[in-house]
There are 2 protein chains.
Amino acid sequence: MIGCMGRWEPNGRGRLAQAALDLYVERGFDQTTVAEIAERAGLTERTFFRHYADKREVLFDGSAMLQQLMVDAAAAAPDDASPLEATAAALVAVGEMFDERREFARRRHSVIVANPELQERELIKLARLTEAIAATLRERGVGEPAASLTAQAGIGVFHVSFQRWVAPGETRRIGELMREGVEELRAVMR
Amino acid sequence: MIGCMGRWEPNGRGRLAQAALDLYVERGFDQTTVAEIAERAGLTERTFFRHYADKREVLFDGSAMLQQLMVDAAAAAPDDASPLEATAAALVAVGEMFDERREFARRRHSVIVANPELQERELIKLARLTEAIAATLRERGVGEPAASLTAQAGIGVFHVSFQRWVAPGETRRIGELMREGVEELRAVMR
DNA sequence: CACTCGATGTCAGCCGCTGACCTCGCCTAT
DNA sequence: ATAGGCGAGGTCAGCGGCTGACATCGAGTG
């Protein structure tokens, strides 16, 4: 019951993720083959593809958890909260988790900005997240297109704030950058 | 000077695009090989890749023109126009062109919604478009993060409106949907 | 001690994509 | 008019991402 440790070492999945990030940083995404990742993790190429749908997905393992966190936070907002307030609650919810892992985020981000294929994957994760939040708002009684537009604005603020947050030299916390972003967007739409 | 018609038939690039869209619609993106596209166009696989960087790009030929159109429109807005007004001008500029090609857009869209890889490509095109508009706003003297947030809001409205515009049964023009979207977003941010 | 079951290994193969090199046919200059 | 430039296309070989089918191992279960 406790075993389940594959054939040899435990946590093959985690070893693959670690090996992949290391290699992507060391020599670049394109210059890394899946066989090399698997070898460094002490596994085979075929096993890599059992854990991750493709070579890119290994960098996006946390996105499901992020989505769950944000959706839960938006759903838990008080009934009388406005769509924007519920969305803002989702943003606040992820703030702490991000601030704890800034260096990891920078490392990962440096790989992604260097490769268009990875940016595509990041963008579709963001789009799915947007849809999930829009669905949550709809369940809260928000109509269309208001729900989609609000979710889009919220994720837009998140995205812009995230990019500022990982920029070299930036020391403010992501929550502060997101608050500032919401205010700025309000001002611009006024 | 006028010749330049490849080795046999003229417009190989266009024939490839037509063959690709037809096949993607007929049997799906995944079930279509590049060799088949090339064969239907009377060319070879290798030639396909000389015209298009990859199998997906053939569906996104028009995006460069779209970007140019929107950037020019935003840049041409009067000096005293607000960031939001300049961005709205970019939206208006694409309205007519889209309305003229609604059936083509629906056909193309049906292929894209059926395939995540194609959605990724669409999203990165939208992201590049967003960056281009943000850059235009910056040239107009708008600071950061206001420029990025405004561009993101504008493209967000465009995206949501486009999806409503291609939905089956929808008859309103895209310009009207975008105007409505901007108003809705304003209301939600208030 | 079989037996099941989930995780991994092995192997063969398709297809997207690329580099290197060759061919064809129009165009221009001498 | 002929030579050579040049751009579009063809041919071939090969890498690497990804998959299906099947074998194997190790741990828990009866």
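The sequence lines fix the lettering, A, B, ..., with proteins before strands; numbering per chain opens at 1.
- Between D/dG9, C/dC17, D/dC18, one nucleotide has an atom nearer to the side chain of A/K55 than all others, and that is D/dC18.
- Checked by atom type, the side-chain pair B/E144/B/S148 shows a donor-acceptor distance below 3.5 Å.
- Looking at the side chain of A/R50, the nearest of the listed nucleotides D/dG10, D/dA21, D/dG17 is D/dA21.
- Distances from the side chain of B/T33 to the nucleotides D/dC18, C/dC15, D/dG9 place C/dC15 closest.
- Here the side chain of B/H51 is nearest to one of C/dG9, D/dC18, D/dG9, namely D/dG9.
- For B/R13 and B/Y52, the positive end sits near the middle of the six-membered ring, less than 6.0 Å away and at most 45° from its axis.
- With A/F60 as the aromatic partner, A/R108 meets the cation-pi criteria of under 6.0 angstrom to the ring centre and within 45 degrees of the ring axis.
- Ranked by how close their nearest DNA chain D nucleotide is to the 5' end, A/Y52 and B/T44 are led by B/T44.
- Side-chain atoms of B/R56 stay outside donor-acceptor range of the base of C/dG16, with no qualifying N/O pair under 3.5 Å.
- Contact annotation for B/A35: no contact, since no heavy-atom pair falls under 4.0 Å across all strands.
- A donor N or O paired with an acceptor N or O is found under 3.5 Å between the base of C/dG19 and the side-chain atoms of B/R46.
- Whole-Å rounding puts the A/L16 CG to C/dA7 P distance at 14 Å.
- With C/dG9, C/dC17, D/dC18 as the choices, the nucleotide that has an atom nearest any side-chain atom of A/D54 turns out to be D/dC18.
- The structure places CG of B/L59 at 12.5 Å from NE2 of B/H109, a figure rounded to the nearest 0.5 Å.
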